[in-house]
Amino acid sequence: MTEPGVGTPHGEPLRLGVVPLRPLALHDLVEGAYLAVRRNAGALLGFTLGVLLAVELLHWLLSTLVLGSVPSASAVPTDGTASWEQLRPLVIDYLLYLGLGSVFGLLITGVVTVVVTRAVFGHRTGLGPALAETGRALPRLLGVLLVEALLIGLIAFANIALLAVLGPVAVLLTMITLPAVVYLAIAFTFAQSVAVVEEVSPVASLSRSRELVHAVGWWRVLGVTALVVLAGGLLAALAQALFAQISGGSTVADLLAVALVGTVQAGFGGAVLCLLYVDHRARVEGIDGLWHKAG
């Protein structure tokens, strides 16, 4: 992850912060994310937990205002006879939660990106400076979110429309559209980090992300992302089972479990993917640009 000559007098790779300045292996990404979280726990964990608890509270308030209460999936028949009137509250509730999570998630992504990229060079970043930097990047982050959602949403909508018109025949098209969605999702993995660090437009951020992903390896990014998602899923299942056992399945305990697991996923998992962005950029261009930005 470093240009030739950037090292110690003994030929070892220079290490200023949470990772050595050389091409990073998976264990480097995991160790670096752990060190970044440990050294910046307030910004990466405390802030993330506060945001996720705020999302849960706002979701409850909005669902109560719009629907009268938070709908339960257990009230919907599972034998395929559910009507639109029964499904509508669940769909609206899901869209409310998705919108809140996506928008507030931009704040988390911005803070994680600022803190972790600076941690690579040994800097500790407080929440105030990280939020200030995130605030300046927020319009670009929102633009990336909207453009990415539009591209993937158009593919999904076209697939649903064809299923409605062609019926079972259109199922074959899913074999094409689903891989396309997965491809775009992985190709755009670095887009939000690019928007924060490189300060380019949303469309340029998406294009730049695709370029960096392919420069080192799309499959590599897929593998690391899949491991992060899998680990997060296992942690979520264990936490929810534990909280349900302790609390007897109370709603408050479920919400707390979701927030705590989300904190680890967004804080630690986000740090892993941010370090992956740093690694890909440094492999392609050297470390100078990131070093200057972090300084």
Side-chain angles (χ1 to χ4, degrees), residues 30 33-34 36-38 40-76 78 82 86-113 115-116 127 130-131 134 138 141-142 145 148-149 152 185 189 192 224-274:
V30 173
Y34 167 74
V37 168
R38 192 182 72 179
N40 302 275
L44 294 182
L45 295 183
F47 173 71
T48 301
L49 178 59
V51 170
L52 293 178
L53 287 174
V55 168
E56 295 295 335
L57 178 60
L58 285 172
H59 169 237
W60 178 81
L61 287 173
L62 286 175
S63 289
T64 302
L65 288 171
V66 174
L67 301 171
S69 65
V70 178
S72 173
S74 61
V76 178
T78 57
Q86 292 172 311
L87 293 174
R88 184 175 61 86
L90 288 175
V91 172
I92 294 174
D93 181 67
Y94 173 75
L95 292 176
L96 286 174
Y97 190 76
L98 180 64
L100 287 170
S102 297
V103 173
F104 278 83
L106 296 178
L107 293 174
I108 297 173
T109 299
V111 168
V112 170
T113 300
V115 170
V116 172
L127 181 57
L131 275 175
T134 300
L138 203 54
L141 287 169
L142 186 58
L145 176 66
E148 186 173 2
I152 295 177
T189 297
Q192 293 184 356
V224 174
T225 302
L227 286 175
V228 169
V229 172
L230 178 61
L234 290 174
L235 178 63
L238 289 172
Q240 288 176 340
L242 178 62
F243 272 77
Q245 195 74 20
I246 295 173
S247 67
S250 79
T251 302
V252 174
D254 287 343
L255 293 179
L256 186 58
V258 170
L260 288 174
V261 170
T263 297
V264 176
Q265 289 174 325
F268 181 79
V272 170
L273 294 179
C274 186

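In this chain, numbering begins with 1 at the start of the sequence shown.
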Please set out all donor-acceptor pairs under 3.5 angstrom arising from side-chain atoms of residues 44-56, sequence neighbours excluded.
unit_1, atom_1, unit_2, atom_2, d
T48, OG1, L44, O, 2.7
E56, OE2, Y97, OH, 2.6

What pairs with T109 under side-chain hydrogen bond (donor to acceptor under 3.5 Å, both in side chains), at least two apart in sequence or on another chain?
Q192

Measuring from atom OG of S63 to atom CG of L100, what distance do you get when rounded to the nearest 0.5 angstrom?
8.5 Å

Which value, rounded to the nearest 0.5 Å, describes the distance between L273 atom CG and F268 atom CZ?
10.5 Å

For the residue pair [X] and [Y], establish whether any side-chain heavy-atom pair is separated by less than 4.5 Å.
X    : Y    : result
L67  : L62  : no
F104 : L58  : yes
V115 : V111 : yes

Expected output: side-chain N40 to main-chain A36 donor-acceptor under 3.5 Å
yes

Could you list the donor-acceptor pairs under 3.5 angstrom formed between side-chain atoms of residues 226-233 and any protein atom two or more places apart in sequence or on another chain?
none

Test log, rule side chain to side chain contact (heavy atoms under 4.5 Å, CB included), inputs T64 and S69
CA-CA 4 Å; T64 302; S69 65; 5.5 Å; no

V116 versus A271, closest heavy-atom pair with distance:
CG2-CB, 3.8 Å

How close do V272 and A33 get, counting heavy atoms only, and between which atoms?
CG2-CB, 3.5 Å

